[in-house]
Chemist: 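Sharing a structure, written as structure tokens. Questions coming.
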Number of protein chains: 2
Amino acid sequence: MFRGNHPTRVDEKGRLKVPAEFKRTLDEKYGQQFYITSRDGKVAEIYPFEEWQRIEERLAKLSNFNPAKKAFLMRTNYYGQQVEMDAQGRLLMPQVLREAAEIKGEVAVMGMLTYLEVRNMDLARAQVEGPLSAEDEKTLDELGI
Amino acid sequence: MFRGNHPTRVDEKGRLKVPAEFKRTLDEKYGQQFYITSRDGKVAEIYPFEEWQRIEERLAKLSNFNPAKKAFLMRTNYYGQQVEMDAQGRLLMPQVLREAAEIKGEVAVMGMLTYLEVRNMDLARAQVEGPLSAEDEKTLDELGI
DNA sequence: AACAAGTGGTAAGAAGTGGAAGAAATATTA
DNA sequence: TAATATTTCTTCCACTTCTTACCACTTGTT
């Protein structure tokens, strides 16, 4: 299960160094194959291939004419590529995605339990600056968080 | 149950010495694993891992599209890391969080019953200086406090 | 004085980085 | 169209930096 933020770098060749903490989990639970994509072009998503296949299975239950399925596949196919980790623990990020999400230099790699999200560090920081809205605090308060 | 303020220090390597008083409770009730994060970037929160999982369970009840859940997870994921205590009773604070909340040198560790809050000592002092606002006093008065 | 708590340093190994060599793809020219 | 040149991409190797686990000392407390 992936949790928390482990900052890392993407070099000029577009290779993302997988943070050691996440790599340990990947090595013991998954293979070397990954599917890297995005559903909005702002955040890159790294799926161990086995996890991506689960998503495909769920999609298979929907008709090929289902608009949500078509829209989702259009996006994930556009940004996506199957990628293998190299011997140094790096992943080559798809170029279209790198350009769309400004994935270069310092990036935040955030654990989303079953997969990883990659964001441009500056954009991520900007997004979390400032307090939660009063409305959001109320929702969380009701849950006892 | 954690209560009160036990000041301690964070060394240049970012290691926070857990005050003995809190460590006793941690040793007898919890494991060595912690989730350290923040919801506002101003105050670090240290959760025994078991306690953090409870929060995750409560969040699981909300839809992934719930704005409060999204905002909360974005922040806690951005600042957060899973951390293990070393043999000397120290916790390595995540670097992004140290920088955001100015966690270095003298800090206040305050017991929040199920978890701990860590603040830069100077900022904490400034925050408690001066009297309570008239509005706050009124609220408390109505409760008979 | 003895023990618990807190602090600092170090060295081995892990993590991270850059670059060179080889392979593949594309372009160029006869 | 085929042969060759050029460029881009990819894989692999070697070096450097940094982390972290451990050890040892200092300070404080009972």
Side-chain angles (χ1 to χ4, degrees), chain A residues 2 4-28 30-36 44 46 49 79-99 103-111 116 118 120-121, chain B residues 2 4-28 30-36 44 46 49 80-99 103-111 116 118-121:
Chain A
F2 305 106
N5 175 10
H6 290 270
T8 188
R9 294 185 48 80
V10 174
D11 66 25
E12 341 68 56
K13 290 176 185 167
R15 299 177 298 189
L16 175 137
K17 174 76 193 176
V18 178
E21 178 70 24
F22 290 142
K23 185 160 187 298
R24 266 185 285 274
T25 310
L26 292 171
D27 285 346
E28 72 183 40
Y30 300 101
Q32 294 298 101
Q33 297 292 121
F34 297 87
Y35 192 68
I36 303 183
I46 300 178
F49 197 67
Y79 294 114
Q81 264 179 29
Q82 189 173 343
V83 165
E84 190 173 324
M85 209 190 310
D86 74 12
Q88 286 75 237
R90 294 176 290 201
L91 291 169
L92 182 63
M93 302 295 287
Q95 199 173 339
V96 259
L97 186 44
R98 255 148 58 204
E99 284 163 8
I103 302 291
K104 62 185 170 190
E106 289 287 316
V107 296
V109 183
M110 288 151 83
L116 302 173
V118 182
N120 175 302
M121 193 57 138
Chain B
F2 306 107
N5 174 11
H6 290 271
T8 188
R9 292 184 48 79
V10 174
D11 66 24
E12 341 70 56
K13 288 176 186 167
R15 300 176 298 190
L16 176 138
K17 174 75 192 176
V18 178
E21 176 69 24
F22 290 142
K23 185 160 187 298
R24 266 185 284 275
T25 309
L26 291 171
D27 285 345
E28 72 184 38
Y30 300 102
Q32 294 298 102
Q33 297 291 121
F34 297 87
Y35 193 68
I36 304 183
I46 300 178
F49 194 67
Q81 267 181 26
Q82 192 174 339
V83 165
E84 191 172 322
M85 209 190 310
D86 74 11
Q88 285 75 239
R90 294 176 289 200
L91 291 169
L92 182 63
M93 303 294 287
Q95 198 175 340
V96 261
L97 185 45
R98 256 148 58 203
E99 284 164 9
I103 302 290
K104 61 185 171 190
E106 290 288 315
V107 295
V109 183
M110 288 149 85
L116 301 172
V118 183
R119 292 179 158 78
N120 175 302
M121 192 60 123

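Each chain gets a letter, A, B and so on, in the order its sequence line appears, and its residues count up from 1.
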Chemist: Looking at M93(B) and I46(B), what are the two nearest heavy atoms and their distance?
Modeler: SD-CD1, 4.4 Å

Chemist: Nearest whole Å is fine: how far is dT19(D) C1' from L92(B) CG?
Modeler: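 Value for this atom pair: 9 Å.
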
Chemist: Whether the side chain of K13(B) engages the backbone of L92(B) through a donor-acceptor N/O pair (distance < 3.5 Å, no angle test) should be reported.
Modeler: no

Chemist: Looking at the side chain of E12(A), which of dA15(C), dG6(C), dG18(C) is the nearest nucleotide?
Modeler: dG18(C)

Chemist: Looking at K17(B) and Q88(B), would you say the former's side chain and the latter's main chain have a donor-acceptor pair under 3.5 Å?
Modeler: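 At least one qualifying donor-acceptor pair exists.
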
Chemist: Please test Q81(B) against H6(A) for side-chain contact (heavy atoms from CB on, under 4.5 Å), starting from the C-alpha separation and ending with a verdict.
Modeler: CA-CA 7 Å; Q81(B) 267 181 26; H6(A) 290 270; 3.7 Å; yes

Chemist: Strictly distance-based, threshold 3.5 Å: is any side-chain N or O of T8(A) a donor or acceptor partner for the main-chain N or O of P19(A)?
Modeler: no

Chemist: Which is true for V18(A) with a 4.0 Å heavy-atom rule: it touches a base, it touches only sugar-phosphate, or it touches nothing?
Modeler: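 The answer is sugar-phosphate, as V18(A) gets under 4.0 Å only of primed atoms, P, OP1 or OP2.
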
Chemist: Rounding to an integer number of Å, can you tell me how far L91(B) CG sits from dT20(D) C1'?
Modeler: 14 Å

Chemist: Test I36(A) against every option in L16(A), L116(A), L91(A), V118(A) by the side chain to side chain contact (heavy atoms under 4.5 Å, CB included) rule and name the one that passes.
Modeler: L91(A)

Chemist: Quick one: R9(B) CZ to dG6(C) C1', roughly how many Å, whole number?
Modeler: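 Rounded to whole Å, this separation is 10 Å.
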
Chemist: Return the value, rounded to whole Å, for the distance between atom CD of Q95(A) and atom P of dT10(D).
Modeler: 10 Å

Chemist: Quick check: does any side chain N or O of Q82(A) sit under 3.5 Å from a backbone N or O of F34(A), one acting as donor and the other as acceptor?
Modeler: no

Chemist: Distance check needed: dA15(C) P versus L26(A) CG, whole Å only.
Modeler: 13 Å

Chemist: May I have the distance from D11(B) (atom CG) to dT10(C) (atom C1'), rounded to whole angstrom?
Modeler: 14 Å

Chemist: Produce a footprint string for nucleotides 21-30 of chain D: one letter per nucleotide, 5' end first; B if the base is under 4.0 Å from any protein heavy atom, S if only the sugar-phosphate is, - if neither.
Modeler: BBB-------

Chemist: Specify the residue among R24(A) and E84(A) whose closest nucleotide of DNA chain D lies further upstream toward the 5′ end.
Modeler: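 By nearest-heavy-atom nucleotide position, the 5'-most residue is E84(A).
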
Chemist: Provide, to the nearest angstrom, the distance between the CG atom belonging to L16(B) and the C1' atom belonging to dA5(C).
Modeler: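 One finds 14 Å between C1' of dA5(C) and CG of L16(B), rounded.
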
Chemist: Using whole Å, report how far CE of M85(A) lies from P of dC12(D).
Modeler: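 So the CE-P distance, M85(A) to dC12(D), works out to 15 Å.
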
